[in-house]
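Written below as structure tokens is the structure these notes are about.
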Amino acid sequence: MKIVDAKTYILDIPVDTIKDSQYTVNKINLIVLKLSTDDGIDGYGYNWNTASGMDLPYKMFNKYIKM
């Protein structure tokens with residue numbers, strides 16, 4: 001089995017506003033990685049954050065790691 005494709009996606013998921021003494025959260029940033037194999041198996045990994053900045057790992061993956 002070999003990995004034949006890798007795709008990344010960035011999602012901004014709106015949520016009801018959550019506030020505390022330091023932060024205001026009104027969306028969740030989610031980066032999703034989808035790996036596909038030559039056997040037809042797909043696998044997914046993800047990471048999320050309540051602050052902006054998921055575009056950096058997205059760009060790094062697509063520039064330096066993606067096949």
Side-chain angles (χ1 to χ4, degrees):
M1 178 179 0
K2 293 184 181 180
I3 296 173
V4 294
D5 193 25
K7 294 181 181 173
T8 51
Y9 306 91
I10 293 181
L11 305 171
D12 288 327
I13 302 168
V15 296
D16 290 337
T17 301
I18 303 167
K19 292 183 181 185
D20 66 14
S21 62
Q22 296 178 338
Y23 301 102
T24 300
V25 175
N26 54 20
K27 69 178 179 176
I28 293 177
N29 299 132
L30 181 72
I31 185 169
V32 179
L33 169 65
K34 177 185 176 187
L35 297 177
S36 300
T37 68
D38 58 355
D39 288 340
I41 299 170
D42 294 330
Y44 295 87
Y46 65 92
N47 194 340
W48 62 276
N49 198 335
T50 56
S52 297
M54 285 300 184
D55 57 328
L56 182 59
Y58 173 82
K59 289 176 185 176
M60 289 177 63
F61 177 83
N62 287 315
K63 184 172 182 176
Y64 297 110
I65 298 173
K66 189 172 180 182
M67 298 171 250

Could you note down all residue pairs passing side chain to side chain donor-acceptor pair (under 3.5 Å) where residues 18-29 supplies at least one of them, sequence neighbours left out?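 Of all non-adjacent pairs touching residues 18-29, those that pass side chain to side chain donor-acceptor pair (under 3.5 Å) are D12-N29.
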Show the nearest heavy-atom pair for residues Y58 and Y9, with the distance to one decimal.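 Residues Y58 and Y9, closest heavy atoms: CE1-N, 4.1 Å.
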Do [X] and [Y] share a hydrophobic cluster, counting only Ile, Leu, Val, Met, Phe, Trp and Tyr and linking them when any side-chain heavy atoms are less than 4.5 Å apart?
X   : Y   : result
V32 : I13 : yes
L56 : L11 : no
I18 : I28 : yes
V15 : L30 : yes
F61 : I3  : yes

For residues 34-46, which side-chain N or O atoms pair as donor and acceptor with protein atoms under 3.5 Å away, sequence neighbours left out?
{"unit_1": "S36", "atom_1": "OG", "unit_2": "D42", "atom_2": "OD1", "d": "2.8"}
{"unit_1": "T37", "atom_1": "OG1", "unit_2": "D39", "atom_2": "N", "d": "3.3"}
{"unit_1": "T37", "atom_1": "OG1", "unit_2": "I41", "atom_2": "N", "d": "3.1"}
{"unit_1": "T37", "atom_1": "OG1", "unit_2": "I41", "atom_2": "O", "d": "3.3"}
{"unit_1": "D38", "atom_1": "OD1", "unit_2": "K2", "atom_2": "N", "d": "3.0"}

Pairing residues for N62 by the side chain to side chain donor-acceptor pair (under 3.5 Å) criterion, not counting sequence neighbours: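 In terms of side chain to side chain donor-acceptor pair (under 3.5 Å), with neighbours along the sequence ignored, N62 is linked to T8.
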Measure the spacing between CG of L33 and CG of N47 and express it to the nearest 0.5 Å.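 Separation between the atoms: 11.0 Å.
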